[in-house]
Amino acid sequence: MTTPTRSAVSAFTGTRILFMRIVAVYRHAPALVAVTLAAPLGMMLLFGFVFGGALSGGADGAAYRSYLTPGVLVLVASMGLVVTASTVNADLHSGLTDRLRALPIHPVAMPAGLALAETVTGAVALAAMAGVGYLSGWRIDASATDVALAIVLLVAFRWALAWLGIVLGSAIRDEQMLQQLAPLIFGTIMLSNVFVPTETMPSVVATVAEWNPVSAVVAALRELFGSGTSVAPDASWPMQHPVAAAFGWTAVLLAVAIPIAVRRYSSSQ
């Protein structure tokens, strides 16, 4: 009798099985999706309806909400990073990860199944937030091709952040430390063009914000959805070419995070 190897179950089959496990968790606890939406929804209401008039210079607040919505969509995708990291950390502490490592499944199946499930549930949250944006006055003014490209970019960015969340959740074993990291991640997301154009920021802060991957994705969505604004001539390269920069940042995140995540899940340490 032979002992099955860890790759006895193919990567595809293992990924599908573990994907269904995570989806089942969300199906029985839909409040987890609501948690991802809570902060961005609050920001949408606060900045769109309370501060919208002031931020738009006294102009129509609906125009600012149209500008804001693509940024809030990226905020929803980005907040999912914390949820993914927390899920990975909880699995580590419960011993589930060690039990999965002992099964004869391909090493890539565990992180890939989790990343896929987090991306699918993230897409549900994004669709819900898009509906809120529509009710707030946001309208798409772009071709079907541009809209499709925008959706692909948003989902791909969420996919990349899911892998990054897996890396963080497996690297930071202390649950309290991970919770303390959440405000830092949120602060990094806020240092962007989600709420205001980078041209209104001090030069040094504007440069940092323009090279923030979040800013590139937000600017790309505004351009593709037809709700973009003019770009200053002296803006950084990512703001001059937001679509290329957004896909480039997404590719870099995936190239860095996937090998690290797979290696950490393959290790028993």
Side-chain angles (χ1 to χ4, degrees), residues 36 40 43-44 66-84 115-116 118-120 122-127 129-130 133 138-168 185-201 205-258 261:
T36 306
M43 292 293 178
M44 180 70 177
S66 181
Y67 168 87
L68 175 65
T69 300
V72 175
L73 290 175
V74 178
L75 187 60
V76 171
S78 301
M79 291 301 294
L81 184 155
V82 179
V83 177
T84 305
L116 182 60
E118 292 289 340
T119 303
V120 171
V124 173
L126 288 168
M129 183 54 69
W138 174 58
R139 297 294 182 270
I140 296 175
D141 184 18
S143 66
T145 301
D146 284 347
V147 172
L149 188 59
I151 294 173
V152 169
L153 172 60
L154 195 53
V155 173
F157 188 61
R158 179 64 185 92
W159 168 254
L161 291 180
W163 283 98
L164 183 58
I166 291 171
V167 172
L168 291 176
I185 295 174
F186 186 70
T188 302
I189 296 169
M190 295 290 288
L191 184 59
S192 66
N193 59 354
V194 169
F195 298 106
V196 295
T198 55
E199 303 91 80
T200 63
M201 304 175 185
V205 177
T207 300
V208 174
E210 288 174 354
W211 282 96
N212 186 339
V214 172
S215 292
V217 178
V218 171
L221 291 183
R222 285 174 178 151
E223 179 178 308
L224 292 170
F225 281 136
S227 54
T229 57
S230 58
V231 179
D234 58 344
S236 300
W237 185 87
M239 297 298 97
Q240 298 283 355
H241 310 277
V243 177
F247 277 105
W249 276 120
T250 301
V252 168
L253 289 174
L254 286 171
V256 172
I258 289 178

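The analysis underlying the following values was restricted to heavy atoms, covering all of them including side chains, and did not include hydrogens, waters or symmetry mates.
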*Asks:* Do Val72 and Trp138 have side chains that get closer than 4.5 Å, going by heavy atoms?
*Replies:* no

*Asks:* Measure the spacing between CZ of Arg222 and CG of Leu68 and express it to the nearest 0.5 Å.
*Replies:* 7.0 Å

*Asks:* Treating Glu210 as the side-chain partner and Ser236 as the backbone partner, does any N or O pair qualify as donor plus acceptor under 3.5 Å?
*Replies:* yes

*Asks:* Which atom names give the shortest non-hydrogen contact between Ala209 and Met201, and what distance separates them?
*Replies:* CB-SD, 3.8 Å

*Asks:* Checking Trp249 against Val217 for the side chain to side chain contact (heavy atoms under 4.5 Å, CB included) test, could you report, in this order, the C-alpha distance in whole Å, the side-chain angles of both residues, the deciding distance, and whether it holds?
*Replies:* CA-CA 9 Å; Trp249 276 120; Val217 178; 5.8 Å; no

*Asks:* Kindly say whether Ser215 contributes a backbone atom to a donor-acceptor pair with the side chain of Asn193 at under 3.5 angstrom?
*Replies:* yes

*Asks:* Could you tell me which residues satisfy side-chain contact (heavy atoms from CB on, under 4.5 Å) with Val167, sequence neighbours excluded, listed by chain and number?
*Replies:* Ala257, Ile260, Ala261

*Asks:* Look up atom CG in Asn212 and atom OG1 in Thr207, then write down how far apart they are to the nearest 0.5 Å.
*Replies:* 12.5 Å

*Asks:* Show the nearest heavy-atom pair for residues Ser78 and Leu161, with the distance to one decimal.
*Replies:* CA-CD1, 3.5 Å

*Asks:* Do the side chains of Phe157 and Val74 get nearer than 4.5 Å, heavy atoms only?
*Replies:* yes

*Asks:* Quick one: CG on Leu221 to CD1 on Ile151, what's the gap to the nearest 0.5 Å?
*Replies:* 10.0 Å

*Asks:* Give, for atom CZ of Phe186 and atom CG of Leu75, the distance between the pair rounded to the nearest 0.5 Å.
*Replies:* 5.5 Å

*Asks:* Indicate the atoms forming the closest heavy-atom contact of Tyr67 with Val194, along with that distance.
*Replies:* CE2-O, 4.5 Å

*Asks:* Which atom names give the shortest non-hydrogen contact between Pro242 and Ala219, and what distance separates them?
*Replies:* CB-CB, 3.6 Å

*Asks:* How many angstroms lie between atom OG1 of Thr145 and atom CG of Leu149, to the nearest 0.5 angstrom?
*Replies:* 8.5 Å

*Asks:* Checking Asp146 side chain against Gly226 main chain: does a donor-acceptor pair fall under 3.5 Å?
*Replies:* no

*Asks:* Is there a side-chain contact between Phe225 and Asp141 in this structure, where contact means two heavy atoms from C-beta onward sitting under 4.5 Å apart?
*Replies:* no

*Asks:* Applying side chain to side chain contact (heavy atoms under 4.5 Å, CB included) to Trp163 and Thr84, what does each step give before you reach the verdict?
*Replies:* CA-CA 8 Å; Trp163 283 98; Thr84 305; over 6 Å; no

*Asks:* What pair of heavy atoms forms the shortest contact from Arg158 to Gly122, and how long is it?
*Replies:* NE-CA, 4.2 Å

*Asks:* Between Leu153 and Ala220, which heavy-atom pair has the shortest distance, and what is it?
*Replies:* CD2-CB, 3.6 Å

*Asks:* With Leu154, which of Leu126, Thr250, Leu224 fulfils side-chain contact (heavy atoms from CB on, under 4.5 Å)?
*Replies:* Leu126

